[in-house]
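Read the numbers this way: they start at 1 and go in the same order the structure lists the ligands and their atoms. Keep in mind the model is a prediction, meaning the values are calculated, not measured.
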Amino acid sequence: AKGTGRGNYQFFAPEMNRAARERLELETSLRHALDRREFHLEFQPIVALDGDVVRSAEALLRWQPGGKAVAPDRFIPVAEETGLIVPIGEWVLKAACAQFKRWQAMGVPLGRVVVNLSARQFAHRNLVSVVRRALDEADCAPEQLGLEITESLLMANPLEAIRVLTVLSDMGIQISVDDFGTGYSSLSYLKRFPIHKIKIDRSFVRDLATDPEDAAIVTAIIAMAHSLDCSVVAEGVETEQQLAFLRERGCDEYQGYYFSRPLPADTLMARLLAPSGA
Ligand code: C2E
Ligand code: CA
Ligand code: CA
Ligand code: CA
């Protein structure tokens with residue numbers, strides 16, 4: 001409707017509710033965000049409980065149109081609905097691999113950078129070649145990349161998921177299931193996927209110390225994952241009590257504000273290169 005007076009009038013007619021108008025404005029500016037270089041990445045360290053060392057970091061997309069940040073939970077769903085997530089996700093992959101290579105050159109002791117994949121990207125027939133190209137351009141090895149796929153995405157189209165994940169996994173890329181526990185996968189199902197890691201959703205970690213049911217679920221997920229030869233990451237760890245619980249139950253890694261918020265690349269580098277270690 002852009003440029004047509006009547007169309008414009010219709011778009012912004014008073015009866016169009018505020019939420020819909022904001023959604024449309026968000027979508028319009030999101031369309032220009034790549035060209036305007038409004039994206040950047042932050043990185044949250046993933047800490048191994050054994051030895052308390054940081055071996056990898058998760059890339060998290062940040063968008064600041066006109067300098068003002070919009071939360072991923074607001075713009076990612078819009079990017080997903082519009083398909084914009086496909087080119088944006090490709091940018092994330094390239095930027096994350098390029099950053100990893102820069103860290104390597106600076107001697108940062110990180111083994112891997114981890115990138116989130118959305119459903120639309122995953123369904124795209126080019127995904128494997130996009131991933132290959134991102135690795136090639138940055139001169140990164142597949143073993144230096146991890147990909148996170150949500151549990152609900154796996155379940156939406158299991159056969160296709162198995163096919164694509166097998167290719168990526170055979171390349172040497174580490175595959176994690178994100179937001180685990182929020183979907184409906186059963187143990188028998190999960191073992192059919194070429195998966196290396198399970199990330200326990202933040203919602204189960206939050207009340208670990210006070211909610212016996214959440215504590216039981218987390219304990220069960222850790223045991224189940226280990227029986228499938230998967231390692232386990234707990235996300236959203238904010239307190240010492242949560243960490244102590246996870247340690248006691250044999251969780252492999254954690255991520256959360258307790259250790260560090262997502263950080264700009266240079267800040268993470270400074271922290272990892274500091275003499276005191278992580
Ligand atoms: P996610 O993949 O589950 O990422 C973890 C989210 O939890 C991040 O939010 C992170 O900042 C937040 N977080 C980390 N530690 C804590 C903690 O201790 N407490 C609490 N309350 N939160 C914590 P963020 O960065 O706002 O991202 C939200 C979601 O947006 C992500 O959830 C992911 O689904 C999506 N997202 C972010 N970047 C990308 C991307 O590059 N591509 C795609 N497809 N999705 C992305
Ligand atoms: Ca994630
Ligand atoms: Ca997650
Ligand atoms: Ca989550």
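Relative to atom 18 (O) of ligand 1, the option among Phe75, Tyr258, Tyr257 with the closest non-hydrogen atom is Tyr257. For the residues Asp73, Asp178, Thr150, the heavy atom positioned nearest atom 28 (C) of ligand 1 is part of Asp73.
Around the CZ atom of Arg249, the shell of radius 6.0 Å holds more than 12 heavy atoms that belong to other residues, nucleotides or ligands. For Asp170, the CG atom is densely surrounded, since the number of other residues' heavy atoms within 6.0 Å is greater than 12.
Between Leu61 and ligand 1, at least one N/O pair is under 3.5 Å apart. Where the criterion is an N or O separation shorter than 3.5 Å, residue side chain and backbone included, Arg62 meets it with respect to ligand 1.
Residue contact annotation: Pro262 has a non-hydrogen atom under 4.0 Å from ligand 1.
The proximity of Ser118 to ligand 1, defined as any non-hydrogen pair under 4.0 Å, involves the side chain as well as the backbone.
Partner of Ile173 under the side chain to side chain contact (heavy atoms under 4.5 Å, CB included) criterion, out of Val131, Val167, Leu165, Val115: Val131 alone.
Within the 3.0 Å limit, Asp201 places no N, O or S atom next to the Ca ion (ligand 3).
The atom name of the N/O/S atom in Asp179 closest to the Ca ion (ligand 3) is OD1. For the Ca ion (ligand 3), the nearest N, O or S atom contributed by Asp178 is named OD1.
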